[in-house]
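This structure is a prediction, so every number in the text was calculated from the model and none was measured.
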Amino acid sequence: DAKTTQPPSMDCAEGRAANLPCNHSTISGNEYVYWYRQIHSQGPQYIIHGLKNNETNEMASLIITEDRKSSTLILPHATLRDTAVYYCIVRVNTDKLIFGTGTRLQVFP
Amino acid sequence: DSGVTQTPKHLITATGQRVTLRCSPRSGDLSVYWYQQSLDQGLQFLIQYYNGEERAKGNILERFSAQQFPDLHSELNLSSLELGDSALYFCASSKNRVGAGELFFGEGSRLTVL
């Protein structure tokens with residue numbers, strides 16, 4: 001069973017920041033927070049992951065609260081191509097990924 | 001391009017038949033994962049192999065089997081196919097060591113059972 005809670009859908013205007021929240025109140029100390037996205041029926045795409053520190057890469061930023069019970073994925077300047085289902089997943093680093101239902105992000109012009 | 005190759009991309013077959021889906025992982029990746037995505041089920045984990053050995057099993061039916069070969073490619077065998085087996089089947093690979101846990105997914109094999 002997925003250990004995360006995400007809103008089913010969100011909208012964002014093109015060029016604005018998209019902030020996608022995720023609750024993972026039962027996360028264990030050795031579990032990482034991973035974010036993936038799936039554009040239409042393509043293979044899921046890795047975005048970013050973190051353990052307790054905030055992380056940033058060329059795609060996004062990941063903000064993890066100090067108690068690690070929630071996190072936010074930030075797409076700083078959303079484009080139409082960012083329209084996708086975004087999955088927040090907690091897992092031990094070498095374990096399988098269990099996908100929940102994710103957040104369907106719609107970026108509009 | 002994730003570096004994970006899946007074949008065939010599309011497959012249409014009849015109920016009762018058997019098919020084999022193939023996955024070539026990224027160079028250097030030791031783990032292979034199989035997932036099924038049907039319209040009403042989302043992404044379901046089926047099975048994981050690590051360096052030729054089964055490592056974890058999910059919701060994989062007894063009619064389905066998989067293996068990972070010495071060259072690290074993997075095959076998913078689906079037999080006695082039913083209409084409900086129609087789905088996208090994704091393969092993913094990872095190095096499977098601490099600090100390199102991200103999975104990279106192929107583009108999937110779309111199976112249609114008529």
Query raised in the report: Where do A/Y32 and B/E102 land on the side-chain contact (heavy atoms from CB on, under 4.5 Å) test, with the steps shown first?
Result: CA-CA 11 Å; A/Y32 288 70; B/E102 55 265 43; over 6 Å; no
Requested in this report: Indicate the atoms forming the closest heavy-atom contact of B/F90 with A/G43, along with that distance.
Outcome: CE2-CA, 3.3 Å
Query raised in the report: Roughly how far apart are B/F105 CZ and A/Q38 CD, rounded to 0.5 Å?
Result: 8.5 Å
Report task. Measure B/L43 against the heavy atoms of chain A and call it side chain, backbone, both or neither at under 4.5 Å. Result -> both
**Report entry** Other residues, nucleotides, ligands: >12 heavy atoms within 6.0 Å of A/R68 CZ
**Finding:** yes
Query raised in the report: Any chance CZ of A/R16 has more than 12 other-residue heavy atoms, nucleotides or ligands included, within less than 6.0 Å?
Result: no
Query raised in the report: Between atom OH of A/Y36 and atom CZ of B/F104, what is the distance when rounded to the nearest 0.5 Å?
Result: 7.0 Å
Query raised in the report: Same cluster for A/L73 and A/L80 if Ile/Leu/Val/Met/Phe/Trp/Tyr side chains link at under 4.5 Å?
Result: yes
Query - Contact origin within A/Q45 toward chain B - heavy atom pairs under 4.5 Å - result: neither
Requested in this report: State yes or no: do B/V32 and B/F69 share one hydrophobic cluster built from I, L, V, M, F, W and Y residues joined by side-chain heavy-atom distances below 4.5 Å, directly or via other members?
Outcome: no
Query raised in the report: Would A/V90 and A/I48 show up in the same hydrophobic cluster when neighbours are defined by side-chain heavy atoms closer than 4.5 Å?
Result: yes
Report task. Might you confirm whether atom CG of B/L39 has over 12 heavy atoms from other residues, nucleotides or ligands at distances under 6.0 Å? Result -> no
Query raised in the report: Passes side-chain contact (heavy atoms from CB on, under 4.5 Å), A/K96 versus B/I47? Steps please.
Result: CA-CA 9 Å; A/K96 55 193 177 292; B/I47 198 163; over 6 Å; no
**Report entry** Whether B/Y35 side chain and A/L97 backbone form a donor-acceptor pair below 3.5 Å
**Finding:** yes
Query raised in the report: Quick one: do B/Y89 and B/L61 end up in the same hydrophobic cluster if we chain Ile, Leu, Val, Met, Phe, Trp and Tyr together by side-chain heavy atoms under 4.5 Å apart?
Result: yes
Query raised in the report: Quick one: what part of B/Q37 sits under 4.5 Å from any heavy atom of chain A, side chain, backbone, both or neither?
Result: side chain
